[in-house]
Amino acid sequence: MNEFLIALEDRPGSLAECCVALGEAGINIVAGAGIASSSAAAALVTEDSEGTAAVLDEIGVTYTMRALETAVLEHIPGALGGFTRGLAENGINLSSIYIVKTNDDGVLIGYSTN
């Protein structure tokens with residue numbers, strides 16, 4: 001699983017262009033976030049990293065790709081806090097974290113560290 005950190009133009013529709021292009025290519029987005037302050041960016045996780053890279057290259061956006069580790073947490077209050085506290089206590093710095101899927105089996109997260 002990989003995350004794509006995408007630099008966007010800070011204007012209406014720039015994220016939509018990426019999402020529509022991925023959808024038209026049949027690529028499902030499983031997690032993501034977007035933020036804008038002095039610049040705009042999105043972080044997306046898809047089911048097809050190779051296809052995602054090809055689509056983003058085709059539409060000409062600037063992005064970086066980073067591998068994600070995964071873990072399944074219990075679906076209970078405090079599980080994410082316990083997980084992140086454990087990383088911190090072991091000197092591991094998080095770069096990103098995503099909640100990918102929640103079901104009766106638990107909460108699938110993807111995360112990267114530096």
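Among all heavy-atom pairs drawn from I59 and A21, the shortest one is CG2-CB, 4.0 Å. Looking at every heavy atom in both residues, V61 comes nearest to C18 through CG1-SG, 4.0 Å. Taking all atoms of both residues into account, the shortest heavy-atom contact from V100 to G110 is CG2-N, 3.9 Å. Contact between A36 and D10 at its shortest, heavy atoms only, is CB-OD1, 4.1 Å. Heavy atoms only, all atoms of each residue included: A42 and L15 are closest at CB-CD1, 3.7 Å. Closest approach of S112 to S96, counting heavy atoms only: OG-OG, 2.6 Å.
Side-chain contact between V45 and L68: present, with at least one pair of heavy atoms (C-beta onward) separated by less than 4.5 Å. Residues F4 and T64 fail the side-chain proximity criterion, which asks for heavy atoms closer than 4.5 Å. Side-chain contact check for I97 versus T84: some heavy-atom pair is nearer than 4.5 Å. Side-chain contact between T102 and H75: present, with at least one pair of heavy atoms (C-beta onward) separated by less than 4.5 Å. Using a 4.5 Å cut-off on side-chain heavy atoms (C-beta onward), L22 and L44 make contact.
Crowding of I99 atom CD1: a count of heavy atoms from other residues, nucleotides or ligands under 6.0 Å not exceeding 12. More than 12 non-hydrogen atoms from other residues, nucleotides or ligands lie less than 6.0 angstrom from CD1 of I76.
Listed by first and then second residue, the ring-ring contact (aromatic ring centres under 6.0 Å, His included) pairs that reach into residues 77-107 are F83-Y111, sequence neighbours excluded.
Proximity of a side-chain donor or acceptor of N90 to a complementary backbone N or O of I92 within less than 3.5 Å is not detected. A donor-acceptor pair is defined here as one N or O able to donate and one able to accept, closer than 3.5 Å; such a pair exists between the side chain of S14 and the backbone of E9.
Legend: residues meeting salt bridge (Lys or Arg N to Asp or Glu O under 4.0 Å) with R66, ordered by chain and number and at least two apart, are E3. Judged as a side chain to side chain donor-acceptor pair (under 3.5 Å), and not counting sequence neighbours, E74 has no contacts.
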TODO: Evaluate the criterion side chain to side chain contact (heavy atoms under 4.5 Å, CB included) for residue pair T46 and N28; output intermediate values, then yes/no.
DONE: CA-CA 6 Å; T46 69; N28 191 36; over 6 Å; no
TODO: Please lay out, stage by stage, how E50 and D48 fare under the test side chain to side chain contact (heavy atoms under 4.5 Å, CB included).
DONE: CA-CA 6 Å; E50 192 172 295; D48 178 358; 3.9 Å; yes
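One hydrophobic cluster, built from ILVMFWY side chains closer than 4.5 Å, holds both V55 and I29.
The residue from N103, T70, V30 that alone fulfils the side chain to side chain contact (heavy atoms under 4.5 Å, CB included) condition with L108 is T70.
No side-chain N or O of T113 forms a donor-acceptor pair with one of S95 less than 3.5 Å apart.
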